[in-house]
Amino acid sequence: MAKITYIEHNGTEHVVEVSNGLTVMEGARDNDIPGIEADCGGACACATCHVYVHDAWVDKLPERDIMEEDMLDFAWDPDPAKSRLTCQLQVTDELDGLIVTMPEKQI
């Protein structure tokens, strides 16, 4: 289980525990956290679960695969270093303390 901090664009923080095996997107969905729409349900087909990963976590996460890279082209204001799709981030104990910030809007 990992404690993940989701920060809305307006600065509101939500700190929740997410079970291993779920995705960071599912953790947001299951805890009713606003700002992650996940229209495709986690199929990496919409980019509406886009977040900015906190600087301290950028190098700790697995690299983006080609599909995630392609979908980020459709995200709102993607950051080449910090943007991730939460449906592609599998929760493990190693993600304990992860901090993500939602963009101003999802497309």
Side-chain angles (χ1 to χ4, degrees):
M1 187 163 287
K3 189 176 287 185
I4 299 175
T5 301
Y6 299 86
I7 305 173
E8 293 180 51
H9 182 70
N10 67 11
T12 302
E13 291 188 13
H14 305 269
V15 180
V16 298
E17 290 189 350
V18 181
S19 297
N20 291 348
L22 295 178
T23 63
V24 175
M25 180 275 294
E26 291 169 318
R29 179 200 63 202
D30 294 351
N31 288 283
D32 298 318
I33 295 171
I36 295 180
E37 296 173 12
D39 289 342
C40 73
C44 196
C46 71
T48 61
C49 66
H50 169 233
V51 296
Y52 304 109
V53 175
H54 188 275
D55 292 335
W57 282 91
V58 170
D59 294 329
K60 295 179 183 178
L61 297 175
E63 291 188 25
R64 293 183 282 249
D65 65 17
I66 293 170
M67 188 167 51
E68 182 178 4
E69 287 280 354
D70 288 345
M71 284 312 305
L72 282 169
D73 289 340
F74 298 99
W76 171 259
D77 197 25
D79 180 294
K82 297 194 278 185
S83 286
R84 294 302 301 261
L85 297 180
T86 55
C87 68
Q88 299 302 296
L89 297 174
Q90 188 88 19
V91 175
T92 64
D93 290 339
E94 288 76 34
L95 289 190
D96 189 41
L98 176 66
I99 302 169
V100 297
T101 302
M102 276 72 91
E104 181 178 356
K105 61 184 177 178
Q106 301 284 358
I107 296 179

d(Y6 OH, L98 CG) to nearest 0.5 Å is 7.5 Å
If every non-hydrogen atom of S19 is compared with every non-hydrogen atom of M1, which pair is closest and at what distance? OG-CE, 3.4 Å
Of all the heavy-atom pairs spanning C49 and C87, show the shortest one and how long it is. SG-N, 3.3 Å
For E104 and D77, run side-chain contact (heavy atoms from CB on, under 4.5 Å): C-alpha distance rounded to whole Å, both residues' side-chain angles, the deciding distance at 0.1 Å, then the answer. CA-CA 9 Å; E104 181 178 356; D77 197 25; over 6 Å; no
Could you go through residues 24-34 and list every donor-acceptor pair under 3.5 Å that involves a side-chain atom there, pairing it with any protein atom two or more places apart or in another chain?
from : atom 1 : to  : atom 2 : distance (Å)
E26  : OE1    : T23 : N      : 2.7
E26  : OE1    : T23 : OG1    : 3.4
N31  : ND2    : G27 : O      : 2.7

Exercise: identify the closest heavy-atom pair between Q106 and A47: OE1-O, 3.3 Å
Quick check for you: to the nearest 0.5 Å, what is the distance between I99 atom CD1 and T5 atom OG1? 5.0 Å
Write out all pairs satisfying salt bridge (Lys or Arg N to Asp or Glu O under 4.0 Å) with one or both partners inside residues 41-66, taking only residues at least two apart or from two chains. D55-K82, R64-E69
side-chain contact (heavy atoms from CB on, under 4.5 Å) partners of S83, counting only residues at least two apart: H50, Y52, L72, P78, D79
Which atom pair, heavy atoms only, marks the closest approach of A45 to C40? N-SG, 3.4 Å
Stepwise, does the side-chain contact (heavy atoms from CB on, under 4.5 Å) test hold for E8 with H14? CA-CA 8 Å; E8 293 180 51; H14 305 269; 2.5 Å; yes
Where is the tightest heavy-atom contact between L85 and M71, given as atom of each residue plus distance? CD1-CB, 3.6 Å
Would the distance check show the side chain of Q90 and the main-chain N or O of G21 forming a donor-acceptor pair, the cut-off being under 3.5 Å? yes
First locate atom CD of E94, then atom CG of L61, and finally report the distance between them rounded to the nearest 0.5 Å. 11.0 Å
Test side-chain contact (heavy atoms from CB on, under 4.5 Å) applied to V100 and R84, step by step: CA-CA 9 Å; V100 297; R84 294 302 301 261; over 6 Å; no
L95 versus I4, closest heavy-atom pair with distance: O-CG1, 4.4 Å
